[in-house]
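Notes for the one structure printed next.
So you know, we letter chains A, B, ... as the sequences are listed, proteins then strands, and number each from 1.
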Amino acid sequence: MNEEKQRRKYTTVSIPVSLYERIKDLIKDTGFKSVSDYVTYVLREIVAMHEAERSSEPFTEEDVERIKQKLKALGYL
Amino acid sequence: MISRPHGGRLVNRVLASKRRERILEEVDEFERLNIDQGRAFDAENIAYGVYSPLEGFMLEEEFLSVLDDMRLPNDLPWTIPIVLDIDEKTAARIEPGDDVMLYYEDIPVAVLHVEEIYVYDKERFARCVFKTTDLAHPGVAKVFSMGKYLIGGRVDLINDPPNPFERYTLRPVETRVLFRERGWKTVVGFQTRNVPHLGHEYLQKSALVFVDGLFINPVIGRKKRGDFRDDVILSAYEVLLRNYYPRESAVLSIVRYEMRYAGPREAIHHAIMRKNFGCTHFIVGRDHAGVGNYYGPYEAQEIFKEFPDLGITPLFFREFFYCRKCGAIVNERVCPHDESFRLRFSGTKIREMIRSGKTPPPEFMRPEVAEAIFQFENPFVE
Ligand SMILES: [Zn+2]
């Protein structure tokens with residue numbers, strides 16, 4: 001199991017020790033096993049949110065017209 | 001703005017007509033590989049972006065990362081291996097770098113650009129994905145029946161696998177346009193593989209109270225004997241929608257996909273597929289994608305805690321039932337009465353009634369839906 005787990009690569013980022021201590025305190029008796037777990041969780045949440053703001057539609061206006069015709073023919077529009 | 005595709009970009013690996021024609025002219029020169037229905041549907045889902053950001057069958061690094069971390073190597077949530085297996089004899093005649101033609105029912109479905117052929121540990125596969133190695137679990141049995149090797153690489157779709165439900169088939173790019181045209185900003189996805197009873201209807205409508213649109217997305221694919229047939233499920237939903245849903249707030253279209261019965265892991269996968277169709281929310285009820293007693297009744301809800309970056313919001317519901325005292329369809333969050341007042345919706349019970357020609361009571365199923373089911377001489381899979 002250990003060997004399986006170690007396949008994932010990790011790197012280090014620095015945070016102030018005071019913040020580290022604060023998080024350590026915060027996650028006591030929660031599902032988070034470590035400060036790293038917590039930081040990973042929170043960062044994923046925030047990164048996904050920012051990525052979502054930068055999204056664009058995956059189609060051109062030409063596609064849209066063709067698709068709208070099909071949707072009308074099928075009774076969806 | 002509808003939800004962003006998983007990984008940011010909707011994959012499109014359907015070959016454009018010119019290249020497709022050229023390939024079809026040379027089709028006999030390709031190494032041939034027969035695939036089953038589930039893999040043909042996987043290729044279709046990859047090509048139309050239902051599995052975005054996947055562009056092909058998984059390579060070893062992706063496969064292991066999904067098993068161990070429930071994420072792709074680029075950190076995106078992904079819980080179900082999308083893999084293609086081959087036996088030893090086939091592996092001996094194919095090499096990385098080859099282009100292989102995937103056939104389903106004698107139809108060339110897709111070209112696979114082979115990047116890697118690798119051995120894998122079936123027990124680890126089963127343990128990670130299904131949380132059991134019990135061969136009585138249909139997903140585990142499937143894994144243990146697979147060939148010794150997995151073959152990974154990008155696919156280009158040549159032909160859709162034969163589709164008797166073309167009329168009900170919308171691709172993610174199409175549902176995205178549809179949602180936009182309807183002016184829906186929030187859309188909740190509903191996964192089903194059954195005819196609708198009132199429990200389903202209340203689940204959907206409870207969610208619909210909070211969002212702009214409802215996307216009912218039945219899974220069409222290999223079914224067990226005794227399950228309702230696909231055409232029966234679609235016909236039942238048509239009737240339900242026509243009679244009981246505002247036309248402008250619900251959409252019915254199918255996705256072709258082989259159920260894995262992986263419970264919690266599969267619930268995440270179902271949510272990702274609906275995210276790619278453009279949903280912002282996804283309904284997770286009791287025992288989602290479960291089978292037998294392998295998973296706790298609400299385990300498929302709990303797993304969502306591990307994915308703060310899924311990009312689609314799960315809506316969790318407790319089981320609905322009819323309470324004679326309340327005189328309504330309720331769940332334990334709102335009904336204080338004891339079990340003796342409660343009529344539980346049971347798919348098994350409904351199937352039994354229909355099989356013996358009895359109309360389920362109106363507290364269970366809309367009479368119009370029951371009638372639609374009875375229109376079929378045999379509504380069940382033989
Ligand atoms: Zn009650």
Does any backbone or side-chain atom of B:L310 lie under 4.5 Å from a heavy atom of chain A? Answer side chain, backbone, both or neither.
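The answer is neither part of B:L310.
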
Which portion of B:T175 sits near chain A, non-hydrogen atoms under 4.5 angstrom
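It is neither, since no heavy atom gets under 4.5 Å.
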
Mind checking side-chain hydrogen bond (donor to acceptor under 3.5 Å, both in side chains) for B:H6 and listing every partner two or more places apart, or none if nothing turns up?
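B:H6: side-chain hydrogen bond (donor to acceptor under 3.5 Å, both in side chains) contacts with B:K275.
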
What residues of residues 238-251 of chain B make heavy-atom contacts with chain A at a cutoff under 4.5 angstrom?
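Checking residues 238-251 of chain B against chain A gives B:R247, B:V251.
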
Within residues 65-77 of chain A, residues adjacent to chain B where the heavy-atom gap is under 4.5 Å
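Checking residues 65-77 of chain A against chain B gives A:I67, A:K68, A:K70, A:L71, A:L74, A:G75, A:Y76, A:L77.
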
Only heavy atoms, only distances under 4.5 angstrom. Which residues in residues 25-45 of chain A are near chain B?
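From residues 25-45 of chain A, the residues near chain B are A:Y41, A:R44, A:E45.
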
Can you confirm whether more than 12 heavy atoms, excluding those of [X], are under 6.0 Å from its [atom1] atom?
X: A:E21; atom1: CD; answer: yes
X: B:E61; atom1: CD; answer: no
X: A:R22; atom1: CZ; answer: no

Answer yes or no: is there an ion pair linking A:E61 with B:R180, defined by an N-O contact shorter than 4.0 Å?
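Salt bridge: yes.
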
